Amino acid sequence: MVQETEEERGIRLVSRNNGTASIGVGVVAGSSESAKNHAEGSTVPAGAPRTQKQMSDQRQRQLSHVLYWRFFVNLALMLMDAAMFLIASATVLNLRHENHPFYTPRFGFTFDTTVYLIVATCFWIWSLHQVGVYHRHIMGDGYQLNLLLIKGMAVCWIIQCAFHFFFKFELTLTSLCLMVASGWALTVVERMISRAFLTRSRKKGEYAYGTVIVGSPQGIGRMLRFLAQRQQLNYRPVAVCPIRLNPETGLVDSDLNAEELRREINENWGSSLPVLQYSDNNLAEQFLDINAQTVMVTDVLRRYSDNYNTFSVRMESLDLEIAMVASAADTSNHEIQIRSIQGTTIITQRLPQYSVMARFRKRLFDIIVSAIAIVVASPIMLVTAILIKADDGGPVFYKQQREYS
């Protein structure tokens, strides 16, 4: 008879209560109080049955908190980016003695220098926004930030050139180029300082998305090592969920190899993390209770498998984002984002959804493109109609009355 270790008994005991334990540097703890300590914003006692509405309300409170800090972090970054461009542009104009009011002969009025600099700064912020600098996975310290800043500089330069051509401002091309380039340079310096601040804050658990890592103990260890080495990612592990594939049934079970899991967490993360018991019934609720926003899948759950499809539907039912590390990207029927981070491909996915504004833009795009296509094709359709009429004298438009039995 195989004897259980203390860790295995601890996890098994916790699974009967609420599915939460804490394994780290030789520490095991499991009780219903564990989930209570992690249930931020929950008004329902841990372990108590909850309705779908209560879970949705709890998730909305958590999302509101995330949106709140994300909005103010991005707002602060926008204001700092704007200040850098404004300072750089004003400095260039002063050094080149072109800080005079800008007269437009085409429309016959004068732009005050301050107004002109504010408009140019708005172009800079809009350009950065369009290329994705303020995306939630980029923000102040994303892996693609420097490349996106270069793209934003190019977009801003094109907009500024078009703006000056339209109003016929008397500003040399050299000054225009120096304004954009110096604004970009100061923004890069400012983002380097912001990166240091955000990285230091994320070590304390701030400005990052709570992440539950799901997989085998070895896969969890690899992911923890990956996240520990790449602090620019805004994924913050808040728990792990060890799983294995049952060779007899082919279904996913909880992996109770506590010793191996403890060693992986010890070696790759260095501090204790709550351990969640895999469950077919309330796994998403457990993730909700510890204020997780993302579920990181490392292995075991394979794409296109029934296990994966069932798991993803459960997670997405409570708006939990699923992220995975993969060697190939093949996630049809999902809205996906694929990012290559230091040689590793990370895929985030969710069921395809459109916001009200996205549906409006899509509909507007369809109408405009269709109208343009009709205008462009109308000469061909007109000639075709004339030929049909001249050939057999029949009607140009085909119609048919259908009879249904």
Side-chain angles (χ1 to χ4, degrees), residues 40-41 59-89 117-156 159 180 183-211 227 230-236 238 291-294 296 319-321 323 335-339 341 346 348-350 353-358 360-361:
E40 299 180 13
R59 182 58 180 159
Q60 289 304 315
R61 286 192 296 270
Q62 293 175 354
L63 289 175
S64 298
H65 175 71
V66 172
L67 293 175
Y68 180 82
W69 68 253
R70 195 167 71 197
F71 170 79
F72 282 103
V73 169
N74 264 329
L75 179 62
L77 292 172
M78 283 184 180
L79 292 176
M80 288 189 294
D81 294 341
M84 295 301 103
F85 189 87
L86 192 64
I87 293 172
S89 300
L117 289 175
I118 292 175
V119 172
T121 301
C122 291
F123 288 152
W124 173 244
I125 298 300
W126 185 86
S127 301
L128 296 184
H129 179 271
Q130 288 301 111
V131 300
V133 167
Y134 302 113
H135 186 273
R136 67 190 184 96
H137 282 299
I138 305 295
M139 290 175 59
D141 62 341
Y143 57 94
Q144 286 183 333
L145 180 62
N146 292 329
L147 177 61
L148 292 179
L149 287 175
I150 294 175
K151 290 182 179 179
M153 177 179 64
V155 172
C156 182
I159 294 175
V180 176
W184 168 82
L186 282 185
T187 302
V188 168
V189 174
E190 167 248 315
R191 287 307 184 100
M192 290 175 62
I193 299 173
S194 301
R195 178 182 297 123
F197 169 76
L198 287 175
T199 300
R200 187 165 57 251
S201 298
R202 282 176 179 165
K203 291 180 179 179
K204 304 175 183 177
E206 302 173 356
Y207 308 131
Y209 300 106
T211 303
L227 295 177
R230 293 162 172 82
Q231 296 177 351
Q232 75 273 25
L233 296 180
N234 46 2
Y235 293 115
R236 173 175 54 89
V238 294
N291 202 25
Q293 286 85 43
T294 302
M296 183 80 74
D319 290 328
L320 291 167
E321 178 188 66
E335 176 186 315
I336 63 173
Q337 290 183 346
I338 305 173
R339 306 191 301 279
I341 306 177
I346 289 186
T348 58
Q349 65 178 56
R350 60 184 300 177
Q353 302 175 26
Y354 290 103
S355 64
V356 175
M357 184 56 65
F360 173 77
R361 289 198 300 263

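Given the structure is predicted, the values throughout are model-derived calculations rather than measurements. The chain is numbered in sequence order, starting from 1. When reading the values below, keep in mind they use all heavy atoms of this one structure, side chains included, and skip hydrogens, waters and symmetry mates.
Residue Ile159 comes nearest to Trp126 through the heavy atom pair CD1-CZ3, 3.4 Å, listed as atom of the first residue, atom of the second, then distance. Taking both residues in full, the closest heavy atoms of Met84 and Leu186 are given as O-CD1, 3.5 Å, listed atom of the first, atom of the second, then distance. Residues Trp124 and Leu149 share a closest heavy-atom pair of CH2-O, 4.5 Å. In this structure, Leu320 and Ala292 approach most closely via the heavy-atom pair CD2-O, 3.3 Å. Contact between Ala323 and Tyr235 at its shortest, heavy atoms only, is CB-OH, 4.2 Å. What you find for Gly152 and Ser127 is that their closest heavy atoms are O-CB, 3.6 Å.
Shown here are the side chain to side chain contact (heavy atoms under 4.5 Å, CB included) partners of Leu86, two or more places apart in sequence or in another chain: Leu117, Thr121. Evaluation of the side chain to side chain contact (heavy atoms under 4.5 Å, CB included) rule for Met80 yields Leu77, Glu190, Ser194 as partners, not counting sequence neighbours. Considering only residues two or more places apart in sequence or on other chains, Leu79 meets the side chain to side chain contact (heavy atoms under 4.5 Å, CB included) condition with Leu75.
Once rounded to the nearest 0.5 Å, the distance linking CZ of Phe71 with CE of Met78 reads 8.5 Å. Rounding to the nearest 0.5 Å places OH of Tyr134 at 8.0 Å from CG of Asn74. Note: Thr294 OG1 to Arg236 CZ = 10.5 Å, rounded to the nearest 0.5 Å. Residue Phe123 holds its CZ atom at 8.5 Å from SG of Cys156, rounded to the nearest 0.5 Å. To the nearest 0.5 angstrom, Ser89 atom OG is 12.0 Å from Ile118 atom CD1. Rounding to the nearest 0.5 angstrom, the gap separating the CG atom in Leu128 from the CE atom in Met153 is 11.0 Å.
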Between Arg191 and Asp81, is a side chain to side chain contact (heavy atoms under 4.5 Å, CB included) present by the stated rule, with each step listed? CA-CA 8 Å; Arg191 287 307 184 100; Asp81 294 341; 2.6 Å; yes
